[in-house]
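What follows is a set of notes on a single structure, which appears directly below.
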Amino acid sequence: MSEAQARHSVFDGVSAAARAFVERDHQLFIGGEWVAARGGETLSVYEPASGECMCEVPAGQGGDVDRAVNAAREAFEGGEWSRARPVERERLLLRLADAIEANADELAEIESLDQGKSVGMARNLDLTMAVDFVRYMAGWATKIDGRTVEPSVPYLPDQQFTGWTRKEPVGVVGAIVPWNFPILMAVWKVVPAIATGCTVVLKPAEETPLSALRLAELAASVGLPAGVFNVVTGDGPGAGAALSGHPGIDKVAFTGSTEVGKLIGKAAMDNMTRVSLELGGKSPVIVLDDMDPQAAAAGAAQAIFLNHGQVCTAGSRLYVPNREYDAVVEGLAGIAGGMRLGSGRDPEAQMGPLVSKAQQERVAAYIDSGRQQGARVAAGGGCPDRGFFVEPTILADANHQMRVVREEIFGPVLTVMPYQDLDEVARLANDTPYGLGASIWSNDLARVHRLIPKIRAGTVWVNCHNVLDPALPLGGFKQSGIGRELGREVVDLYTETKTVLMSI
Ligand code: ADP
């Protein structure tokens, strides 16, 4: 195929607006202006279904990060942002939500081209959730408050005091996000920062930088003051490390792998930078024996195959009672074997490609290791020739000695294991360094309630999996992270508590 033909097929069926955005000359967004990266280097952006390069973005480096952090500092400390009242931040965010909603179709296409997911899913899930979350956080801007306290100060009995607490913005935030839900992950960090009165430098993932740049453009169009929201595209070791270790930031907010999260946490600690980490997972899906095997298989398939398995809470370990085991594996093999692979713009496709060649190779290597360690491939296991696809894969008869059970794969690969009783399944579910999510599938209320407190995970779903709401916190136990995003808890991540004690 010639390059011209390949480029044509990449943009087949895509709106002129989305194509024009992808093909434009991309720059960094710093201090309210579009600027070139100082070093002039670029990163190629690939369309995952074809593997074709669509465009280049600047590969920002330390000097660019410096510039962005300085712009964010200036906006935080002086000028109109520090004087903006909560209600003004609320209205700005409501306008931003409207702007994202008005451009959601185009953003969904950009996300699909860049990440590989279907336009329909990007529109219905990623963009709907992003808009909802911006509105939810807009509401918080006017509801941040402290407490009044009547202090006793027992060692100064002759004096009188009053005391109260203030929630103040933490300052300049460095936000580093991954490639699985690019705009949603960006919004989850940038918007709480804005709602609380912080300023922010966002570094999107090198694989999926485009929607962050469009988001910055929309934020500027609704009147967000210069320097409040900056975007530096670039890779992890360059731009990412420069941002997370920058002495000029007050907080780093990261979502990504546990491996990189540990590096970021250590770098942050050198400057005592506040840090929140939303990291990897290996979430168990626990079927109890009152479940119909077909319903269990359908639920487990959804838990693993959403976003092609590239979800930090993906249900990647399935535990089935001995008696139902064969029927559930058979049901899953039928579902996975019948899924049609295709580009994110193919309305018939039930699963798209993975985000990159590197991710495809990583997932394929895990499948091989599962085979070598004795798992039975009940469905899938292969990679089609073109693009970055991996077949939906069921690895049956797995066990806890296997790497595919112990390590996060971040692809459409489900491991399935039988169990005997509730105590055993609780022990197996917790036999992991991770603790992000878990689901229990049963209508036996008493056993569900007995199991929930035993599971060491930040979220336990019952008869559903991967379902999120802006009002409910999300985060990890153990090596799945530190801190809770979403819900009222997110306000704490972006504020410092100041105590005031007054002698009266
Ligand atoms: P994934 O495994 O999902 O690719 P990563 O943790 O590698 O996740 O990447 C998530 C984000 O972290 C990306 O924006 C990436 O550029 C960034 N990143 C990777 N390495 C580093 C690093 N050493 N320091 C800071 N950020 C990094």
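Counting from 1, the numbers follow the sequence of the chain as shown. Atoms within each ligand, like the ligands themselves, are counted from 1 in listed order.
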Check each atom of ligand 1 against the heavy atoms of [X] and keep those under 4.0 Å away; list them by number with element.
X      : value
Ile264 : 25 (C), 26 (N)
Gly256 : 6 (O)
Phe254 : 6 (O), 10 (C), 11 (C), 12 (O)
Ala241 : 24 (N), 25 (C)
Glu206 : 13 (C), 15 (C), 16 (O)

_Side-chain H-bond candidate by donor/acceptor type, Trp461 with Thr459, under 3.5 Å_ = no
*Any side-chain donor paired with an acceptor under 3.5 Å for Lys251 and Ser276?*
yes
Any N/O pair [X]/ligand 1 closer than 3.5 Å:
X      : value
Val177 : yes
Glu207 : no
Lys203 : yes

Check [Y] with [X], please: is the shortest side-chain N to carboxylate O separation under 4.0 Å?
X      : Y      : result
Glu278 : Lys189 : no
Glu408 : Arg362 : no
Asp492 : Arg484 : no

Return the closest protein heavy atom for [atom] as residue, atom name and distance.
atom                    : result
atom 25 (C) of ligand 1 : Gly240 C, 3.1 Å
atom 5 (P) of ligand 1  : Ser257 OG, 3.7 Å
atom 21 (C) of ligand 1 : Val260 CG1, 3.4 Å
atom 4 (O) of ligand 1  : Trp179 NE1, 2.8 Å
atom 19 (C) of ligand 1 : Gly236 CA, 3.4 Å

*asked:* Nearest non-hydrogen contact with atom 23 (N) of ligand 1 belongs to which option: Thr258, Ile176, Leu263?
replied: Leu263
*Ring-face cation of Lys357 near Tyr46 (centre distance under 6.0 Å, axis angle within 45°)*: no
_Any non-hydrogen protein atom less than 4.0 Å away from atom 9 (O) of ligand 1_ = no
*Would you please classify the geometry between the Tyr319 ring and the His400 ring as parallel, tilted or perpendicular, with 30° and 60° separating the classes?*
tilted
*Please work out which of the three classes, parallel, tilted or perpendicular, describes the rings of Phe410 and Trp179, given edges at 30° and 60°.*
perpendicular
*Output yes when a side-chain donor or acceptor of Asn307 lies under 3.5 Å from a complementary backbone atom of Gln310, and no otherwise.*
yes
*Any side-chain heavy-atom pair of Arg274 and Val173 under 4.5 Å*: no
